[in-house]
4 protein chains.
Amino acid sequence: MPRDSSDTRQRIERHALRLFVEHGADGTSVRDIAQAAKVAEGALYRHYESKDALVAHLFAANYTRFAGELDAAQRAEGTGRGKVRAMVATFCRFFDADPVLFRFLLFVQHGQLARLPDDAATPVTVLQDVMTGAIERREIPRRDPALSAAWVMGLVLQTATFAVYGRVKPPLAPLSAEIAEAAWRAISTPMPAR
Amino acid sequence: MPRDSSDTRQRIERHALRLFVEHGADGTSVRDIAQAAKVAEGALYRHYESKDALVAHLFAANYTRFAGELDAAQRAEGTGRGKVRAMVATFCRFFDADPVLFRFLLFVQHGQLARLPDDAATPVTVLQDVMTGAIERREIPRRDPALSAAWVMGLVLQTATFAVYGRVKPPLAPLSAEIAEAAWRAISTPMPAR
Amino acid sequence: MPRDSSDTRQRIERHALRLFVEHGADGTSVRDIAQAAKVAEGALYRHYESKDALVAHLFAANYTRFAGELDAAQRAEGTGRGKVRAMVATFCRFFDADPVLFRFLLFVQHGQLARLPDDAATPVTVLQDVMTGAIERREIPRRDPALSAAWVMGLVLQTATFAVYGRVKPPLAPLSAEIAEAAWRAISTPMPAR
Amino acid sequence: MPRDSSDTRQRIERHALRLFVEHGADGTSVRDIAQAAKVAEGALYRHYESKDALVAHLFAANYTRFAGELDAAQRAEGTGRGKVRAMVATFCRFFDADPVLFRFLLFVQHGQLARLPDDAATPVTVLQDVMTGAIERREIPRRDPALSAAWVMGLVLQTATFAVYGRVKPPLAPLSAEIAEAAWRAISTPMPAR
DNA sequence: GATGAATGAGAATTCATTCAT
DNA sequence: GATGAATGAATTCTCATTCAT
């Protein structure tokens with residue numbers, strides 16, 4: 001009984017995501033996914049070439065989509081500070097809205113980042129571009145934009161990580177302004193004397 | 001465990017660590033490890049109950065050992081600022097001294113953190129205790145110590161992550177003071193008006 | 001079956017034949033056939049009960065049709081020698097006209113011969129009947145007609161096999177008379193003294 | 001309980017050979033082989049890289065070994081006629097001694113011949129070399145040695161094939177001299193006038 | 001007649017673990 | 001302590017076949 005094809009796909013993706021977060025991608029078998037999504041094992045292969053391809057697709061699609069949201073948020077602001085605030089808020093809202101997806105991206109990143117096309121727009125590239133702009137506008141010191149980007153990203157991501165492990169209490173949105181301000185102060189740190 | 005005198009054991013751990021970083025723990029078979037370490041497959045079970053136990057041991061032993069180093073570094077300083085500086089420096093030196101081990105801890109953490117005993121001293125608890133002390137000494141604002149700890153940790157770890165992915169050029173030690181200063185500024189951010 | 005008017009059916013058979021020769025019957029999936037013939041996978045089952053039935057049909061239909069051609073050629077001649085010449089020529093023309101079909105019959109024979117009805121007229125039975133006739137007419141020695149049939153068949157088939165593997169250069173038609181003469185001499189070999 | 005390693009290997013090969021002949025290589029699963037050989041499925045992979053590799057090994061090893069026997073038989077004779085007689089006898093003895101192996105080689109040849117190294121000595125090359133020698137010694141007409149080789153091979157192989165299908169009654173050894181004589185007469189056929 | 005998503009049994013293969021030597 | 005062949009359950013993936021549209 002062929003159901004709506006996109007329905008099958010969505011069920012597979014939703015349950016796969018959840019299981020990957022609960023037991024890891026390697027700890028989740030195709031059978032697990034099929035059973036949770038209530039489809040036959042073989043059905044998965046009509047939609048994805050392999051289990052690996054499913055993982056890669058879930059990562060790449062959501063990672064780059066989030067990069068797009070980050071970029072849109074950033075574009076709506078005129079100053080570096082506004083951009084950082086907007087991006088941090090986007091991160092926090094994402095975490096609050098779909099913690100499962102957020103955790104998936106967090107957990108599998110180290111196995112997947114290398115598989116992205118070199119020119120893919122990612123949260124990292126968006127952040128880095130914003131840093132470059134802020135430096136050019138002399139809003140922050142002239143340090144390696146990658147370093148500034150790492151700091152902003154680290155502040156938010158580690159807060160989210162602590163939320164995942166119960167050390168910080170979600171939702172994160174109420175903390176957004178505070179994190180953004182801390183991030184701005186971090187990247188405003190003057191360059192050390194040489 | 002460096003004080004274990006068994007040569008076999010050390011060979012297994014060294015090569016396992018490397019392979020886990022290169023191909024992931026699940027992507028590395030006992031046979032892979034045995035071949036790299038030039039021992040028979042069965043020999044591994046003389047030293048560890050299972051492959052899982054090997055992974056858990058490598059994580060727990062090194063993670064808590066590093067927590068100890070962090071704590072020692074922190075204790076040697078009297079002020080919050082000094083403690084943060086010392087801890088950041090310890091992080092950076094660790095990354096520079098043994099990038100493979102650092103990456104292992106970074107990559108497998110999400111699968112291993114939950115398996116640590118609840119009362120284990122970890123880098124996180126060390127950081128959190130330092131934050132609590134700094135708050136008590138009124139060196140930084142009275143926010144949730146977990147949040148301050150997350151920020152310091154995020155700043156350093158994300159810088160290291162960028163180093164792993166080639167976005168920041170190692171060694172990290174030369175950046176240590178700058179990162180510590182940024183961290184200090186971040187956690188010094190005044191509490192938002194309520 | 002050439003007289004089947006269905007275009008779909010013909011496309012299926014033609015491409016199936018080619019794929020079976022290229023990758024073997026087991027190495028060719030229904031999907032492969034459907035894609036090559038540009039029909040849906042399910043369409044195949046409108047024409048054949050199963051993939052197995054398709055293979056069996058392709059073999060049986062063509063094998064017995066060829067037996068018919070062989071028989072017709074044989075009948076047109078009055079002498080054993082003429083009959084052998086005519087049959088060898090028919091073999092060679094078949095190979096030259098449709099090498100793909102010839103190879104298919106050659107390759108799958110061992111899996112299919114047992115499935116033919118016991119009374120089916122095949123190239124083997126035709127040859128054997130001709131040998132029996134030639135013996136009765138005292139044109140060749142009185143040996144087991146199966147043996148004589150095997151020799152004629154072997155001479156032609158192995159020449160064709162060498163052509164398939166590039167050891168003999170097609171077309172075979174120009175060699176037909178020579179092969180037939182060799183075959184005739186082989187089966188004319190006097191019976192050994194007892 | 002590790003039995004003698006070569007024993008396991010031999011059991012696998014013997015039963016695989018039999019099953020391949022009975023049900024075809026594709027019709028025989030690794031599980032079938034393992035059960036027949038009374039080993040676990042995984043044990044097979046300690047000895048062969050894959051099921052395919054097992055098939056290929058069984059073919060190549062036995063096919064080339066037989067080529068060696070053929071060559072030895074041929075070398076022991078001084079004349080073309082003697083060589084043909086000796087080779088035909090070797091074929092017949094092989095069939096009689098190990099019909100299962102003979103049938104295996106016969107059945108899978110078309111899937112395996114292309115996988116042999118280009119320079120492998122095979123029954124075909126041995127036969128062809130003998131034909132070349134006979135032509136040089138003016139024992140038989142100057143036709144393409146491949147053609148003469150095909151005829152000798154065809155005569156024997158098709159007789160064996162008929163024996164496999166019950167059309168000729170084994171053993172073949174008693175027919176050996178008669179087949180050899182027929183083969184010799186076939187390849188002695190004068191070249192056609194041009 | 002045709003489509004192609006879905007089925008689900010079964011295939012090959014991997015691999016952590018055991019154990020006789 | 002060490003070896004490595006053997007185990008056998010589990011995994012990923014394939015594929016002939018079905019069936020709602």
Side-chain angles (χ1 to χ4, degrees), chain A residues 1-9 12 26-35 37-54, chain B residues 6-9 26-35 37-54, chain C residues 6-9 26-35 37-54, chain D residues 1-9 12 26-35 37-54:
Chain A
M1 63 219 76
R3 303 181 192 85
D4 181 6
S5 153
S6 72
D7 178 46
T8 297
R9 235 183 131 95
I12 291 174
D26 288 292
T28 303
S29 70
V30 170
R31 171 164 296 180
D32 293 336
I33 300 170
Q35 277 173 351
K38 296 224 206 320
V39 294
E41 287 180 59
L44 201 142
Y45 293 88
R46 190 160 290 270
H47 298 282
Y48 311 93
E49 284 220 325
S50 65
K51 179 187 154 185
D52 245 40
L54 168 59
Chain B
S6 159
D7 179 45
T8 297
R9 203 176 161 110
D26 287 289
T28 303
S29 69
V30 169
R31 168 171 290 186
D32 292 336
I33 300 170
Q35 276 174 351
K38 295 224 200 338
V39 294
E41 293 177 60
L44 200 141
Y45 293 86
R46 191 73 47 186
H47 299 280
Y48 313 93
E49 282 222 323
S50 65
K51 180 188 157 188
D52 249 38
L54 168 59
Chain C
S6 158
D7 178 47
T8 298
R9 204 176 162 110
D26 286 290
T28 304
S29 69
V30 170
R31 168 172 290 186
D32 291 337
I33 301 169
Q35 276 174 351
K38 295 220 202 334
V39 294
E41 291 176 59
L44 201 141
Y45 293 85
R46 191 76 44 186
H47 299 281
Y48 312 93
E49 281 222 326
S50 65
K51 179 188 157 186
D52 249 38
L54 167 59
Chain D
M1 68 219 74
R3 302 178 192 85
D4 181 7
S5 156
S6 74
D7 177 47
T8 297
R9 232 183 132 95
I12 291 174
D26 288 292
T28 303
S29 69
V30 170
R31 169 164 298 179
D32 293 337
I33 300 169
Q35 276 173 352
K38 295 226 207 316
V39 293
E41 289 179 59
L44 202 142
Y45 292 88
R46 190 161 291 270
H47 298 281
Y48 312 93
E49 283 221 325
S50 64
K51 179 187 154 185
D52 245 40
L54 167 59

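Quick note: numbers below take in every heavy atom, side chains included, and nothing from hydrogens, waters or symmetry partners. Just so it is clear, the structure is predicted and the values come from calculations on it, not from any experiment. Every chain is numbered from 1, with letters handed out A, B, ... down the list of sequences.
- Between the NZ atom of D/Lys38 and the P atom of F/dG8 there is a distance of 14 Å, given to the nearest Å.
- Nearest to the side-chain atoms of C/Tyr45 among the listed nucleotides E/dC15, F/dT17, E/dA6 stands F/dT17.
- Distance, D/Leu54 CG to E/dT13 P: 10 Å, rounded to whole Å.
- Remark: A/Ile12 CD1 to A/His47 NE2 distance equals 5.0 Å, nearest 0.5 Å.
- Taking the side chain of B/Ala40 as heavy atoms from C-beta on, and the options F/dT3, E/dG8, F/dG8, the nearest nucleotide is F/dT3.
- For the pair B/Tyr48 OH and E/dA16 P, the interatomic distance rounds to 16 Å; values are reported in whole Å.
- The A/Arg46 side chain lies nearest to E/dA5 when the options are E/dT3, E/dA5, F/dT7.
- The distance from atom CG of A/Asp26 to atom P of E/dT14 is 16 Å, rounded to the nearest whole Å.
- Within the 4.0 angstrom heavy-atom criterion, only backbone atoms of the sugar-phosphate kind lie near A/Val30; the bases stay farther away.
- Nearer to the 5' terminus of DNA chain F, by closest-nucleotide assignment, is the contact made by A/Arg31 (compared with the other of A/Arg31 and C/Lys51).
- A donor-acceptor contact under 3.5 Å is formed by the side chain of A/Glu41 with the base of F/dC13.
- Once rounded to the nearest 0.5 Å, the distance linking CG of D/Asp52 with OG of D/Ser50 reads 5.0 Å.
- The OH atom of A/Tyr45 sits 11.0 Å away from the CD atom of A/Glu49 when rounded to the nearest 0.5 Å.
- D/Thr8 has a side-chain polar atom (N or O) that falls below the 4.0 Å cut-off from OP1 or OP2 of F/dA6.
- Stem list for DNA chain F (at least 3 consecutive Watson-Crick or G-U pairs, distances under 3.5 Å): E:2-21 with F:2-21.
- The separation between D/Asp7 atom CG and F/dA6 atom C1' is 13 Å, rounded to whole Å.
- Separating the CG atom of C/Asp52 from the P atom of F/dA16 is a distance of 10 Å, rounded to the nearest angstrom.
- The distance between atom CD of C/Gln35 and atom P of E/dA5, rounded to the nearest whole Å, is 11 Å.
- Between the P atom of E/dA12 and the CD1 atom of D/Ile12 lies a distance of 14 Å, rounded to the nearest Å.
- Applying the 4.0 Å criterion to OP1 and OP2 of E/dA2, one finds that C/His47 has a side-chain N or O inside that range.
- When each of B/Leu44 and A/Glu49 is assigned the nucleotide of DNA chain F with its nearest heavy atom, B/Leu44 is the one assigned upstream, toward the 5' end.
- Among B/Lys51, B/Arg46, B/Arg31, the one residue that satisfies the salt bridge (Lys or Arg N to Asp or Glu O under 4.0 Å) test with B/Glu41 is B/Arg31.
- Between C/Leu44 and C/Val39, the closest side-chain pair of non-hydrogen atoms is not below 4.5 Å.
- The 5' end of DNA chain E is approached more closely, in terms of each residue's nearest nucleotide, by C/Ala43 than by the other of D/Asp32 and C/Ala43.
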